[in-house]
Amino acid sequence: MDTDMSLIRQSAKDFAETYIRPMVMVWDESQTFPVELFKKLGEHGFMGILVPEQYQGSGLGYQEYITILDEISKVCGSIGLSVAAHNSLCTNHILSFANETQKQQYLPKLATGEWVGAWGLTETGSGSDAGGLATVAHKEGDYYILNGSKNFITHAISAQVAVVIARTGEKGDSHGMTTFIIEKGTPGFSSGKKENKLGMRASETACLFFDNCRVHKDQVIGEEGDGFIQALKLLDGGRISIAALSLGIAKGAYECALKYANEREQFNQKIFDFQSVGFKLAEMATNIEAAELLTRKAGMMKDNGEKVTKISSMAKLFASETAVEVSNESVQIFGGYGFTKDFPAEKYFRDAKLCTIGEGTSSIQKMVISREIRKDVK
């Protein structure tokens, strides 16, 4: 690892240990989204990791992004998820597809953590079937009138700005959807109550509602009809985010289990020395290593401007399933203590499951991968 990457890793690790670890269970138990923490994350350059310096971002690449998410998620998956959603979805959508005026207006606020961003694609009736969304936007003069709702939106309540995809054409038409930038306080734009979740409880999730919400045509990202295509391209990179998030959670669960196995004694020996435990930890370590290699390859290809549809889905699929498996085994190694909130294993276990669901379920990843590998048939 080069010196710069070592410094970035150390910076993220120090931040997580200083500002996140002491509050992890407080935020989790109370389902508090710590807004002030995100301003501090912005001060450290973690809210605009991929944003060029001209927009007050850190100007880093995907390898650095993976490293930062890995270290933060190792301490708290909730904060890692929120950092991932802010960076790779809302902020990156504007960075990737917005015009220069829109970039100048929004990126500096998002990259510095002055503003937290949300991204709205999922709806109550269209989760995996993103093309079937029902939120509509009808054009009236220089404005679009939006009606409908979005579901499971990270930062729906606290975000100052949301990037939202709505239908401007026929249902199911991949060129019938358009992306809008909508600021908090826009008449007809509101959020619902916070979801009461199994895990990732410090990462805010709620609905967004649009009731005759008037949005000026200047708030459209790209051209009318580009929204779905933009979203699919964005999710390719977003899956690298979830892979990195999964990687951090898996490492956190593994490291606490490894430490415990070397401290806990039964039958006059460390439980690590029982083959069943030692072999379990060996498998956990191996799968984590493999998940990191897949994730790093996806990041390298993304930095090189290569198509990452297949590899990012592979990384997301493998890393997220690894996080679930490793956190499950971590609870098992802790035994009865693993089932209590006095030890860290149970939180990794609860947080990990979202990784196999968000930004495309494991089944969707397999569908994407199968479509891509079919192209390899000569």
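Along the sequence shown, residues carry numbers from 1. Hydrogens, waters and symmetry mates play no part in the numbers below; they use all other heavy atoms, side chains included.
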Listing, residues 20-27 side-chain donor-acceptor contacts under 3.5 Å, not counting sequence neighbours, or none:
unit_1	atom_1	unit_2	atom_2	d
Arg21	NE	Glu17	OE1	2.7
Arg21	NE	Glu17	OE2	3.3
Arg21	NH2	Glu17	OE2	2.9

Would you be so kind as to tabulate the donor-acceptor pairs closer than 3.5 Å made by side chains of residues 227-239, with sequence neighbours excluded?
unit_1	atom_1	unit_2	atom_2	d
Gln230	OE1	His93	NE2	2.8
Gln230	OE1	Thr179	OG1	2.8
Gln230	NE2	Ile221	O	3.2
Asp236	OD2	Thr309	OG1	2.8
Arg239	NE	Glu359	O	3.3
Arg239	NE	Gln365	OE1	3.3

Under 3.5 Å, side chain of Thr135 to main-chain N/O of Ser149, donor-acceptor pair present? yes
So, Lys197 side chain and Gln31 main chain: donor-acceptor pair closer than 3.5 Å or not?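 Absent.
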Looking only at side-chain N and O atoms, does Ser312 offer a donor or acceptor that is under 3.5 Å from a partner on Lys302? no
Testing the 3.5 Å rule here: is there a donor-acceptor pair between the side chains of Thr356 and Lys353? yes
Taking salt bridge (Lys or Arg N to Asp or Glu O under 4.0 Å) as the cut-off, I'd like each qualifying pair that reaches into [range], sequence neighbours left out, listed once.
range: residues 72-96; result: Glu71-Lys74, Lys74-Glu255
range: residues 103-114; result: none
range: residues 163-174; result: none

Parallel under 30°, tilted from 30 to 60°, perpendicular over 60°: which one fits the rings of Phe15 and His44?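 Answer is perpendicular, since the angle exceeds 60°.
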Geometric class of the Tyr260/Phe334 ring pair [parallel <30°, tilted 30-60°, perpendicular >60°]: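 Ring orientation of Phe334 relative to Tyr260: parallel.
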Trace of the side chain to side chain donor-acceptor pair (under 3.5 Å) decision for Asn92 with Asn87: CA-CA 6 Å; Asn92 206 30; Asn87 274 278; over 6 Å; no
Linking Ile, Leu, Val, Met, Phe, Trp and Tyr by side-chain heavy atoms under 4.5 Å, what else ends up with Ile153? Tyr144, Leu146, Val164, Phe180, Ile182, Phe189, Leu208, Phe210, Val215, Val220
Between the side chains of Glu346 and Arg350, is the shortest nitrogen-to-carboxylate-oxygen separation below 4.0 Å, so that they form an ion pair?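 Answer for the salt bridge query: yes.
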